[in-house]
Amino acid sequence: MFGSDKVLSGDPARAAPAQDHRDGDGVLPPLSSAALLDSIQEAYFAVDAGGIVRGVNRATQDLLGFDTREVCGRHLDETLSPEHDAEPIAPALERLVAAGPARPVVRELTVRHRDGHRVTVRASLSVARGAAGAVACVFLTDLSAEVTADRDAGFLTALLDSLSVGVIAVDGDGRVIVVNRALRQVQHRPPSDVPRSIPDYLYDTSMRPLTWEQTPVMRALRGEHVDGLDLMARAPDDRLLTFASAAQPIIGRDGRRLGAVAVAHEVTAMRRAERFGACRKEVEQALGASSSIAEAAPAVLSAVTAALGWPCAELFIINEATGGLHAVGHHSHTDADLEEMFGHTPRRGQGVTGRVWETGEPLWVPDITAYADLVTAYERERVDLCSRHGIRTALAIPVRDGGTLLGVLTCYSGLPEVDEELLTLLLDGVAAQIGVYVALRRAEELARQLHRSQDDFLDLVGHELRTPLTAITANVAMLTEETVGLDPELRQMMETVARNTGMLQRIVDSLLDLAALESGHEQLADDRVDLAAVVADAVAAIRITAAEAGVRLVTELTRGLAVPGEARRIRQVVDDLLSNAVKYSPAGTEVSVGLRVADHGAELSIADHGIGTPAGEQDQVFERFYRASNVRHHGVPGSGLGLSLARAIVRLHHGTITLAGNEPVGTVVCVHLPFDPSPR
């Protein structure tokens, strides 16, 4: 390895031929310095006071890649180019040789590899003096692996700290060796304190404290694979956070368990959204099973507080009669006595609920004790009450139906909250469900009131008008018979009275007939009705009227169709539909009457080319007293009872009646009567 073999002696600069065999007397030859140095695993080189390399061993060649011939006899700066603190080493070597320290001097250097990259080494430098002068002997320990390990460790630490998920790892003895930044922000404890402090802030989903041995990472250390486990953690600001965790053992190449690692991802917002998905279903069921909002309120508010994880909530509804806001229900799922918080009457524009009542906008109060706007005596009283019961956060949401404010939903939390946007959005969905329900119930109540009003009107007509009207009709008939010899003008007046009295009589009769049918007081016969015969007779009866109006009747009737029912009532329906078709048809058009088999029954269709019915009113014309807008505008007389009577009769025959437009103009009315008398 050296330019020439040297004998390791007191003068390292003086060489002697190396012998590699015993002499004749069996005495070992002097030990070769090159062989000795090549046996050392540490890299070594010798350099004189002028910086000329005098020798290197094989380990140096392995470390730096230089061949002996490329190094020996050349200056350090031309080959190894060692540096200390980014400065050339030659001046330091000169000072070292001059000082001649009794003990080796240790420095961290970088040395150039043959391919040009720098290698970090620890150098132990000592000085040997001989006849040829002083020689610096340098032993090198490769630090590249340590530097790489430190760099890799730094990179791994930076990588773990950049993750949004929390990471914790333990070694084979269960000692915590890694806690990344995301987890430290939740724990705020040094790794060594983590096992002891776990029960203070980590819980299962039922809020039972966990021990260190129950944590996912320790379960994984015992060989378990944990996946998708939800845990609750109390943050330093007392907020409760939900984490989805997973953990698994760390297995070495030899199959031994080296430790375990666990990750935790915060899913507080996601789990809340999932809970509110279930909450909306519960609210829907509670509303559907209740006859009033007051009855539904406890179950609705129970679902809301459970989804929020908040202790209590209260629902207020605006009274239609007084315009005031009053409580219709509340719920609390804590053991504390919160009853004194509920049932108060809000003041418009004051307090959390009252401000939402006034503005119609959601109100979020993250800390009710520090909310500067609550300054009136009433508001301070409410704040003090909330404080006594540990309430920190309040969120009030308007209950609406479209643009109409119907009430306020107010929820209370005992912990600080920060998810204003998410919670407002989630609660707004529930408030919308409540608003639709309240509006629907009010509409149903209004419809019931209208129906009762119509029933009352029918009773009035039946009992208060029928008797005097009957007397008027009889007397007018007798007077009309005595018109011989009367003045023509007087006779015309009598005929007008008789005609209008007859019209009133028919309206009264229709009203009472409809009331009897809808109330079930009149039972229909269950005969076998020949529909073709009934329709043919009705068409024959109206032909003269149609001819006088210039309307042609066209029929296409399937014979032999029979349905169970009452022929008189079915004829009443056909007469009314034919009368309408002829009445609203202009001269020169035709009315088509068809009867055929359809959908296990008989279908009667009557189509005209008259003024038709507006598309949005085709279902309404079957309601009592309703007349289509175009009919009213044309000034055509009528009571709006004919189609109502027709529908009532058809329904009692378990059939259906529909109205649709005819192309290009006109109306098509279809009546379907089943062959089977069972309800459709």
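Quantities reported herein were computed from a predicted structural model and do not represent experimental measurements.
Contact annotation: the side chain of Met493 never approaches that of Thr496 to less than 4.5 Å [non-hydrogen atoms, C-beta and beyond]. No side-chain heavy atom of Asp373 sits under 4.5 Å from any side-chain heavy atom of Val365. Two residues are said to be in side-chain contact when any heavy atoms from C-beta on lie closer than 4.5 Å; Leu374 and Arg382 fail this criterion. Annotation: side chain of Ile434 is in contact with side chain of Ile293 (closest heavy-atom distance under 4.5 Å). Side-chain contact check for Ile606 versus Val671: every heavy-atom pair is 4.5 Å or farther apart. With a 4.5 Å cut-off on side-chain heavy atoms, Pro564 and Phe675 do not count as touching. Between Phe316 and Val328, the closest side-chain pair of non-hydrogen atoms is not below 4.5 Å. Here the side chains of Ile570 and Leu531 are in contact, with some heavy-atom distance below 4.5 Å.
When atom types are taken as modelled, the side chain of His672 and the backbone of Thr658 share no donor-acceptor pair closer than 3.5 angstrom. Remark: side-chain polar atoms of Ser579 are not paired, donor with acceptor, to backbone N or O of Asp575 under 3.5 angstrom. Side chain of Arg400 to backbone of Gly360: a donor-acceptor contact under 3.5 angstrom is found. Checking side-chain atoms of Glu361 against main-chain N and O of Val356 turns up no donor-acceptor pair under 3.5 Å. With hydrogens and angles ignored, the 3.5 Å screen pairs a side-chain donor or acceptor of Thr424 with a backbone N or O of Glu420. Under a 3.5 Å cut-off, the side chain of Thr359 and the backbone N or O of Arg355 do form a donor-acceptor pair. Formation of a donor-acceptor pair under 3.5 Å by the Asp401 side chain with backbone atoms of Thr404 is not found in this model. Side-chain atoms of Asn475 come within 3.5 Å of backbone atoms of Ala471 as a donor-acceptor pair (strictly under, hydrogens ignored). Under the 3.5 Å distance criterion, the side-chain polar atoms of Asp608 are matched with a main-chain donor or acceptor of Thr667.
Ion pairing between a basic and an acidic side chain is recognised when a charged N comes within 4.0 Å of a carboxylate O; Asp384 and Arg388 show no such pairing. Salt-bridge check for Glu274 with Arg271: passed, with a basic side-chain N closer than 4.0 Å to an acidic carboxylate O. Of the charged side-chain nitrogens involved, none lies within less than 4.0 Å of a carboxylate oxygen, so that Glu358 and Arg348 do not count as a salt-bridged pair.
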In residues 534-563, what donor-acceptor pairs under 3.5 Å come from side-chain atoms, sequence neighbours left out?
unit_1, atom_1, unit_2, atom_2, d
Arg552, NH2, Glu590, OE1, 2.4
Thr558, OG1, Leu595, O, 2.8

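The structure places OG1 of Thr393 at 12.5 Å from OH of Tyr371, a figure rounded to the nearest 0.5 Å. Between Arg569 atom CZ and His653 atom NE2 the span is 9.0 Å, to the nearest 0.5 Å. Distance check, rounded to the nearest 0.5 Å: CD1 of Ile649 to CG of Leu524 gives 7.5 Å. Put simply, CG on Leu427 and CG on Leu395 are 5.0 Å apart, with the number rounded to the nearest 0.5 Å. Between Leu423 atom CG and Trp310 atom CH2 the span is 5.5 Å, to the nearest 0.5 Å. Rounding to the nearest 0.5 angstrom, the gap separating the CG atom in Leu363 from the OG1 atom in Thr353 is 9.0 Å.
Under the side-chain contact (heavy atoms from CB on, under 4.5 Å) criterion, Asp527 pairs with Ala525, not counting sequence neighbours. By the side-chain contact (heavy atoms from CB on, under 4.5 Å) test, Glu282 pairs with Ala303, sequence neighbours left out.
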Just do the side-chain hydrogen bond (donor to acceptor under 3.5 Å, both in side chains) check on Ser291 and Glu295 with the steps written out, would you?
-> CA-CA 7 Å; Ser291 59; Glu295 181 184 343; 2.7 Å; yes
Take Glu340 and His389 through the side-chain hydrogen bond (donor to acceptor under 3.5 Å, both in side chains) test and state the conclusion after the steps.
-> CA-CA 10 Å; Glu340 64 174 328; His389 291 286; 2.7 Å; yes
Start with the C-alpha gap between Val650 and Leu673, add the side-chain angles, then the distance that decides, and say whether side chain to side chain contact (heavy atoms under 4.5 Å, CB included) holds.
-> CA-CA 7 Å; Val650 169; Leu673 298 175; 4.3 Å; yes
Derivation of the side chain to side chain contact (heavy atoms under 4.5 Å, CB included) call for Met341 and Cys386 | CA-CA 7 Å; Met341 286 188 56; Cys386 289; 3.9 Å; yes
Take Asn580 and Leu643 through the side chain to side chain contact (heavy atoms under 4.5 Å, CB included) test and state the conclusion after the steps.
-> CA-CA 9 Å; Asn580 282 342; Leu643 289 178; 4.2 Å; yes
Begin with the C-alpha distance, continue with both residues' side-chain angles, and end with the deciding distance and a verdict on side chain to side chain contact (heavy atoms under 4.5 Å, CB included) for Val304 and Cys411.
-> CA-CA 9 Å; Val304 169; Cys411 304; 3.9 Å; yes
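Heavy-atom contacts from other residues, nucleotides or ligands closer than 6.0 Å to CD of Gln572 number more than 12. Residue-environment remark: CD (Glu445) exceeds the threshold of 12 foreign heavy atoms within 6.0 Å. No more than 12 heavy atoms of other residues, nucleotides or ligands sit less than 6.0 Å from atom CZ of Arg528.
The two atoms that bring Ser290 and Ala286 nearest to each other are OG-O, 2.7 Å, heavy atoms only. Of all heavy-atom pairs spanning Asn319 and Ala321, the tightest one is OD1-N, 2.8 Å. Minimum heavy-atom separation, Ala297 to Leu315: CB-CD2, 4.3 Å. Minimum heavy-atom separation, Leu308 to Arg275: O-NH2, 4.2 Å. When all heavy atoms are compared, the tightest approach of Pro586 to Gly610 is CD-CA, 3.8 Å. Shown here for Ala646 and Ile657, the closest heavy-atom pair between the two residues is CB-CD1, 4.2 Å.
A centroid separation of 6.0 Å or more is found between the aromatic rings of Phe342 and His331.
For the residue pair Thr376/Gln350, the side-chain donor-acceptor check at 3.5 Å is satisfied. Using a 3.5 Å distance cut-off with no hydrogens or angles, the side chains of Tyr437 and Arg441 do pair a donor with an acceptor.
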